[in-house]
Amino acid sequence: MNSTKWVYAFEEGNGSNKMLLGGKGANLCEMTRIGLNVPPGFVITTEACLAYLADSQRMLPDGVMDEVRANMAALEKSTGKRFGGAEDPLLVSVRSGSAMSMPGMMDTILNLGLNPTTLAGLIRHTGNERFGYDAWRRFVQLFGKVALGIPDALFDEQFEAVKSSAGVKADVLLGAEHLREVGDRFLEVVERHTGRPFPEDPYEQLEIAIKAVFNSWMGKRAVDYRREFKITPAMANGTAVNVVTMVFGNMGNDSATGVGFTRNPATGENQLYGEYLTNAQGEDVVAGIRTPKPIAELEREMPAIYAQLVDLRNRLERHYHEVQDFEFTIERGTLYCLQTRNGKMNAASMVRTSVEMQREGLLTKEGAVLRVNPQHLEQMLFPRLDPAFKGVALATGLPASPGAASGQAVFDADRAEALGKQGSKVILVREETKPEDIHGFFAAQGILTSRGGKTSHAAVVARGMGKPCVAGAEGIQVDAGMRVAFIGDQVIKEGDVITIDGSNGRVFRGEVPRVEADFSAALETLLGWADGLARIGVRANADTPADANRAVRYGARGIGLCRTERMFNAPDRLPIVVDMIIADTPDERRAALDRLLPIQRADFIGLFKAMAPHPVTIRLLDPPIHEFLPTERQLEEEIERLHDLRRASRGLEVLADATRGQDSRPASPLRESLDTRQVEAVIARKETILRKARALREVNPMLGHRGVRLGLTYPEIYNMQIRAVLEAAANCIRAGLQVNPEIMVPQVCTAQELKLVREHMEAVKHAVQVTHGVDVPCKFGTMIEVVRACMRAENLAEVAEFFSFGTNDLTQAAFSFSREDAENKFLPMYNERGILQDNPFEVLDVKGVGRLMALAVEWGRTHRPDLKVGICGEHGGHPASIRFCDSIGLDYVSCSAPRVPIARLAAGHAAAGASATGGDRAA
Ligand code: PEP
Ligand code: MG
């Protein structure tokens, strides 16, 4: 004998069992339990749904219909109506509802129980023929569509035919007679389509309807929706069926239907919000046939009901401790609550209501923090496209840095800078960007590239600056030489205005209206509470004093990564860096470095001042140095043009000699301005650079001569940087500032490398301390971004006082996926086919990379228990990844300055034990 309980009356269930009763069913039970006026009803469980779907005959499990009948009998008793009765018949709605809200994805049938007999009874009882026939035709259509699979169009056709013969345009103008005809025609549609008459037995109707709702769980719409929103069986498995007594808002002017929000969802303001329609059914509100009235008008129209509605609102919030979005119906002066669920709001409203509800005693600080999804804060931190805008995108790329920006398309950094200086708004459009484009970034409103992933240069730099970036929009072909871009058959010329949305990767032609960022006082308060809960600290990746100042404003407690190479790219420094690179001897190199030293020192002083007294982690030079040189192709082209110029200059000389004494005109101004010696000097320098670029060429530069390998080959470079850091610190200390520099070595794979750099550091430190007469505290540490470094963590910790996981490179190394290319080539396919659940460059791969990290932390601390450990890869700003970092005992995360608020909130969530939100799902 099967003892499973398949059906729960609303009085029996409660709100906590959403997996079994579905969200809607659980809430209906809960509302009934707390004494709200919910129309009586019951829930058929998701277990019944799963058992039904598993049955090859598609039979309802034994006992379901018996329990349904028993519960219908109880409904008859409590309403005094009879299901299928000829007088005052009981009608019900049959609605789906799974554990996760899937709006509009599954099916609902209203007015079930009607047939010619009950219809006559309904009309007699209400004395309202029009109402009766209207209910009937709605039921036949909904049942026909949902339960019998008849296309809506067949019904609509008949409906239109009646409207046209009656000479009316709007449904509401149809009289009882017309609606009766509609009903008759609908019955014919059913019979024609199914070959059988419309089922009249109410229990047969009910059984068919229950099966139809169960089937809709596996309908295409619902399956697609679950795939799109990553709703797994652990989150929602099967749909429940809610059978609820019908109440009618269209029974006259003392009836109405509406929707309410316990607070204004657009602003978060603490006021009852919503709209309603008098003498109407819920469908009419949704279908937009009539314009609903603001809820405030109900106070005038039905003052007693309005007072009840305010009371309902207060009780809902006091019970759920959450803003509610509820549906109500007023049937002949009685208020019913039909449904409630947590209100969906924008980020600003969520933050405001969190803070206000804490102050009203409805939430604890922890509850207030946990209510807000950290990722949603993006909406408040960056400008966005106006949500009302519905334009079609010209192209789509990767959402690489959030926010929206408009400006004239420009195709090189110099043009961007020139136009920016004139006050124009520009979007820098490149195939990909390189460090030498940095001045273009400063001038641009946003960056668009046709190649590269979310950790490409463009993406990382734009994120650091808080500028929108769409990367890897491969549908765009950029021709920088011609200053145009092609997208299919469309052309974007320099100066054409475009808009990019870095939050979803879309690109539009023209200027699209935006909504500005809104870092409110309420957000400040909420983040303060999150800080109070957090175990893991939040630092920023910042390369300039301006970035650092912004990071401080956003609440960063230190810099976790300063990429010093970014400082080399400013136009006044690059020529010196090039001199350093093309130097043939250490002495020549030192001469160039001597010129860089004061510049770097000043940079570091700026950073220390901005961050004092918090730590500032400075990473020694990392990228392969050829990145500071123009490409070989560019150099070859430039040299060729210079040769042309030299030839022209010689030609001018020949011309001048040939015409001397014969021509009275003055010498050509071109000739005057062409200094052959200068041209030759420039050619010679370019050729030297080209030779160097060729000599530095590597097949695989990301795995090549970079990071500590470079630092050990040319020790004078790291020596200069170390000296600049320590002298800057000494200067600050002498000026009374508290500074905490941390020197970090990139790309380390063995303790030997670290030992050598540390020896240099100790020597320089000693010298600086003697010269300046102060003690300079400075920690020495390493990036962990190479698999071997994880495996040798114990040995590295003998030399390093801290570790910082560079998870961009570590992910690249662990997967052997190029961080520049994978996101545009095969990763989307991997995600679509479920080979990988997430993009590992965005969401930390807990199962692989995460395990390496956990081991490295454990082994590192075995040798040095107080080893400080952080993360500075892009994952440091990703909430689920932050939760993982917290769980393995990291001391801090470091992310681009504009993501700091998101990370602070995520750190609070991690400490408060927020449930998993992804990040550990790589297959
Ligand atoms: C990293 O590899 O994660 C990192 C922070 O360094 P970069 O992105 O500069 O290589
Ligand atoms: Mg790296």
Side-chain angles (χ1 to χ4, degrees), residues 400-401 432-435 438 452-465 469 471 539-544 547 559-569 617-625 627-628 700-711 742 744-749 753 781-790 802-823 839-845 848-850 852-853 856 869-878 881-882 884-885 890 892-897 899 903:
S401 176
E432 58 188 340
T433 63
K434 296 190 76 184
I438 196 78
K454 285 190 186 159
T455 55
S456 64
H457 176 265
V460 174
V461 174
R463 270 203 292 280
M465 292 183 179
C469 173
R539 298 191 189 179
N541 294 354
D543 310 322
T544 62
D547 287 351
I559 291 180
L561 172 64
C562 164
R563 292 172 162 105
T564 43
E565 59 268 18
R566 300 271 164 79
M567 298 171 160
F568 287 175
N569 280 303
T617 311
I618 291 159
R619 180 177 75 184
L620 302 176
L621 189 67
D622 181 23
I625 48 177
E627 282 197 7
F628 298 100
N700 228 330
M702 291 303 271
L703 304 179
H705 204 177
R706 60 175 293 205
V708 68
R709 276 101 71 181
L710 194 69
E742 302 182 338
M744 179 160 77
V745 187
Q747 299 292 330
V748 169
C749 64
E753 293 167 327
T782 179
M783 297 276 290
I784 303 281
E785 50 190 341
V786 170
V787 176
R788 192 175 191 280
C790 297
F802 67 91
F803 286 176
S804 179
F805 286 105
T807 44
N808 302 334
D809 276 316
L810 191 56
T811 300
Q812 170 170 269
F815 280 84
S816 280
F817 287 175
S818 157
R819 60 192 260 195
E820 298 293 330
D821 294 315
E823 286 163 289
N839 171 355
F841 291 104
E842 188 178 353
V843 181
L844 189 73
D845 161 48
V849 178
L852 286 171
M853 292 169 67
V869 188
I871 175 175
C872 62
E874 292 303 302
H875 307 90
H878 179 267
S881 312
I882 292 171
F884 174 75
C885 292
L890 260 53
Y892 66 88
V893 296
S894 188
C895 57
S896 58
R899 288 196 74 81

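In each ligand, atom 1 is the first atom listed, and ligand 1 is the first ligand listed. Scope of the values below: all heavy atoms of this structure, side chains included, with no hydrogens, waters or symmetry mates.
Numbered from 1 in the order shown, with element, the atoms of ligand 1 that lie under 4.0 Å from a heavy atom of Cys872 read 5 (C). Those atoms of ligand 1 that come under 4.0 Å of a heavy atom in Asp809, given as number and element, are 1 (C), 2 (O), 3 (O), 10 (O). Under a 4.0 Å criterion applied to the non-hydrogen atoms of Glu785, ligand 1 contributes the atoms 1 (C), 2 (O), 6 (O). Of all the atoms in ligand 1, the ones that sit under 4.0 Å from a non-hydrogen atom of Met783 are 4 (C), 5 (C), 6 (O). Taking a cut-off of under 4.0 Å to the non-hydrogen atoms of Gly806, the atoms of ligand 1 that pass are 1 (C), 2 (O), 3 (O). Taking every non-hydrogen atom of Leu561 and a distance limit under 4.0 Å, the qualifying atoms of ligand 1 come out as 5 (C).
Listed here is the closest heavy atom pair of Ala542 and Asp547: CB-CB, 3.6 Å. Closest approach of Phe568 and Phe628 over heavy atoms only: CB-CE2, 3.7 Å. Residues Ile882 and Gly876 approach most closely at CD1-O, 3.4 Å, considering heavy atoms.
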Would Asp809 and Arg706 satisfy salt bridge (Lys or Arg N to Asp or Glu O under 4.0 Å), going step by step from the backbone distance to the final call?
CA-CA 13 Å; Asp809 276 316; Arg706 60 175 293 205; 3.6 Å; yes
Go through Cys885 and His875 one step at a time and tell me if the side chain to side chain contact (heavy atoms under 4.5 Å, CB included) criterion holds.
CA-CA 10 Å; Cys885 292; His875 307 90; over 6 Å; no
Applying salt bridge (Lys or Arg N to Asp or Glu O under 4.0 Å) to Arg619 and Glu565, what does each step give before you reach the verdict?
CA-CA 9 Å; Arg619 180 177 75 184; Glu565 59 268 18; 2.8 Å; yes
Could you go through the side chain to side chain contact (heavy atoms under 4.5 Å, CB included) check for Phe817 and Glu823 one step at a time?
CA-CA 9 Å; Phe817 287 175; Glu823 286 163 289; over 6 Å; no
Show your working on side chain to side chain contact (heavy atoms under 4.5 Å, CB included) between Ile625 and Leu710 and close with a plain yes or no.
CA-CA 8 Å; Ile625 48 177; Leu710 194 69; 3.6 Å; yes
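Neither the backbone nor the side chain of Met744 has any atom closer than 4.0 Å to an atom of ligand 1 (non-hydrogen atoms only). In Val460, neither the side chain nor the backbone holds a heavy atom less than 4.0 Å from any atom of ligand 1. Heavy atoms of Asn808 found under 4.0 angstrom from ligand 1 belong to the backbone as well as the side chain. Contacts of Arg563 with ligand 1, taken as heavy-atom pairs under 4.0 Å, involve the side chain alone. Only side-chain heavy atoms of Arg619 come within less than 4.0 Å of ligand 1; its backbone N, CA, C and O stay farther off.
If you take CZ on Phe805 and CE on Met783, they are separated by 11.0 Å, rounding to the nearest 0.5 Å.
For the Mg ion (ligand 2), the set of protein N/O/S atoms nearer than 2.8 Å consists of Glu785 OE1, Asp809 OD2, ordered by chain and number.
Counted by atom type alone, Thr617 and Arg539 present one or more donor-acceptor pairs between their side chains at under 3.5 Å.
The backbone N or O of Gly452 sits nowhere less than 3.5 Å from a side-chain atom of Glu432 that would complete a donor-acceptor pair. Checked by atom type and distance alone, the side chain of Asn808 pairs as donor or acceptor with a backbone atom of Glu874 at under 3.5 Å.
Geometrically, ligand 1 and Arg819 share a nitrogen or oxygen pair separated by less than 3.5 Å. Considering backbone and side-chain atoms together, Glu565 places no N or O closer than 3.5 Å to any N or O of ligand 1.
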